[in-house]
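For reference, the structure is listed below as structure tokens.
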Amino acid sequence: MSLQGAKVLYVTCAENGLHGLAQLTKAGIDVAAVVTIPPQLATKYLVSGYVDVSPWCLEHGLKCIQLREYKIEVADVAAIDFDLLIVNGWNRLIPSEVFSRARLGALGIHAGHPPLGLGRAPLVWNIIHGQSDIEVFVFRLTAQADDGDIMAAQVVEITEHDDVKTLYEKVMDVGADLFLTAIRKLQAGEGGHSQDRRFVSHYPKRTEADGLIDFTMTDRQICDFVRAQVPPYPGAFTYLGSERWKVLRVQRYDRFLFRDIPRIPGRILRVLPSGVVVQTGAAPIWIRRAEVDGADVDPMSRSDIVGRRFGDSVD
């Protein structure tokens with residue numbers, strides 16, 4: 001069977017998945033159908049990076065199956081003739097009775113340092129942990145999360161300028177090429193290399209509450225924490241009295257200043273035109289952009305907050 005001859009059942013509900021779908025069709029892959037969820041289910045399950053792919057499928061003449069629930073069952077795809085299942089941008093396990101229907105099996109995509117850090121929100125966790133790179137890999141789907149044989153992989157750098165959105169786009173771009181490589185290997189009868197399951201570890205699911213900033217962390221740790229959770233993720237946040245500050249951009253301020261005063265994590269040291277200077281467990285940080293009630297904070301209108309302290313709950 002040629003590369004163009006394989007019939008693919010494609011599962012996605014996210015921006016990265018739509019990008020990958022567009023690249024596969026451009027390469028001549030025969031997409032038998034696309035499985036997705038409608039916007040109301042994305043809202044119900046708080047799906048980060050959700051994209052309604054149905055208009056794109058309609059425009060390009062692809063059959064689109066919109067599920068009634070955020071899970072796939074055999075009955076949903078029983079009428080589809082497909083050789084390969086591809087999952088890209090779908091935060092649910094696929095039942096083995098679904099992907100076992102595909103002659104060539106099923107492929108998924110993940111990013112991390114396999115077999116370390118399988119599971120949920122890998123980009124967020126890797127930035128929070130201060131990693132300088134991440135491996136994007138396409139693997140054979142199994143009944144477990146992300147632990148199948150690796151068919152294609154590429155290391156991507158996490159620079160100091162990256163946040164989770166820019167890293168997401170790097171992974172999205174690399175992933176489309178990796179799927180094509182993996183398909184060619186499958187059709188050539190080539191296998192992948194197994195992950196050492198003795199050392200498997202999993203990242204847990206993150207919720208909006210996990211974005212609370214702990215100002216006892218170092219300035220570097222807080223900067224990583226904030227950039228790991230910019231939109232489309234819910235974002236990092238803190239409280240100033242009854243106000244909930246959504247913190248969208250921070251940077252390290254100056255490790256030589258404010259050494260002669262008590263170090264009180266969360267204390268507001270200065271309000272400057274470019275943002276608010278806050279003490280951490282180490283050197284100060286500079287909150288360059290934050291929102292309160294959905295509106296950008298104007299630093300110069302908040303000079304009265306110097307000396308107050310960001311906290312972890314409403315006063």
Side-chain angles (χ1 to χ4, degrees), residues 12-23 42 46-51 86-91 107-139 145-146 150 152-182 195 201-208 210-213 217-237 246-252 285-291:
T12 189
C13 63
E15 182 184 17
N16 61 314
L18 179 56
H19 178 81
L21 176 62
Q23 295 303 107
L46 303 176
V47 179
S48 295
Y50 171 78
V51 169
I86 290 181
V87 182
N88 187 8
W90 188 263
N91 293 325
L107 296 174
I109 187 168
H110 196 67
H113 298 90
L116 305 177
L118 308 182
R120 306 297 289 271
L123 305 190
V124 176
W125 283 115
N126 274 269
I127 295 176
I128 285 176
H129 290 163
Q131 298 286 358
S132 60
D133 62 69
I134 193 168
E135 183 175 358
V136 187
F137 60 99
V138 168
F139 60 94
D146 314 318
I150 296 175
Q154 175 63 54
V155 176
V156 170
E157 183 181 10
I158 304 175
T159 75
E160 67 274 19
H161 304 293
D162 281 316
D163 57 28
V164 73
K165 188 176 190 306
T166 60
L167 183 59
Y168 180 91
E169 291 182 10
K170 288 183 182 181
V171 171
M172 177 176 73
D173 187 47
V174 167
D177 292 334
L178 293 177
F179 273 115
L180 287 171
T181 299
Q195 301 182 51
S201 66
H202 290 83
Y203 287 133
K205 178 182 178 180
R206 293 186 62 83
T207 67
E208 184 174 355
D210 294 319
L212 181 65
I213 298 171
M217 295 192 298
T218 70
D219 49 331
R220 291 182 182 275
Q221 288 173 324
I222 293 176
C223 287
D224 288 341
F225 187 80
V226 171
R227 70 190 179 112
Q229 300 176 88
V230 300
Y233 289 90
F237 67 94
K246 183 176 182 180
V247 180
L248 298 171
R249 183 185 171 199
V250 299
Q251 68 183 62
R252 296 170 60 234
I285 58 168
W286 203 353
I287 297 179
R288 298 292 305 278
R289 185 186 170 204
E291 292 178 353

Could you tell me whether the side chain of [X] and the main chain of [Y] form a donor-acceptor pair under 3.5 Å?
X: S201; Y: G117; value: yes
X: D162; Y: I158; value: no
X: Y168; Y: N16; value: yes

Ignoring hydrogens, what is the shortest heavy-atom contact between [X] and [Y]? Give both atom names and the distance.
X: A182; Y: L107; value: CB-CD1, 3.8 Å
X: H19; Y: A176; value: CD2-CB, 4.2 Å
X: A228; Y: V124; value: O-CG2, 3.3 Å
X: T159; Y: R227; value: O-NH1, 3.1 Å
X: K170; Y: V156; value: CD-CG1, 3.6 Å
X: F139; Y: I109; value: CE2-N, 3.4 Å

In Å, rounded to the nearest 0.5 Å, how long is the span from [atom1] of [X] to [atom2] of [Y]?
X: Q195; Y: I150; atom1: CD; atom2: CD1; result: 4.0 Å
X: Q221; Y: I128; atom1: CD; atom2: CD1; result: 11.0 Å
X: R120; Y: H110; atom1: CZ; atom2: NE2; result: 10.5 Å
X: I222; Y: Q251; atom1: CD1; atom2: CD; result: 14.0 Å
X: E208; Y: D210; atom1: CD; atom2: CG; result: 10.0 Å
X: H113; Y: H129; atom1: NE2; atom2: NE2; result: 11.5 Å

Within a strict 4.5 Å, meaning less than it, do heavy atoms of the [X] and [Y] side chains meet?
X: L248; Y: P231; result: yes
X: T12; Y: L18; result: no
X: Y50; Y: P232; result: no
X: T181; Y: Q154; result: no
X: I213; Y: V226; result: yes
X: I127; Y: V164; result: yes
X: V250; Y: F225; result: no
X: R220; Y: R252; result: yes

* Trace of the side chain to side chain contact (heavy atoms under 4.5 Å, CB included) decision for N126 with Y203 -> CA-CA 10 Å; N126 274 269; Y203 287 133; 3.7 Å; yes

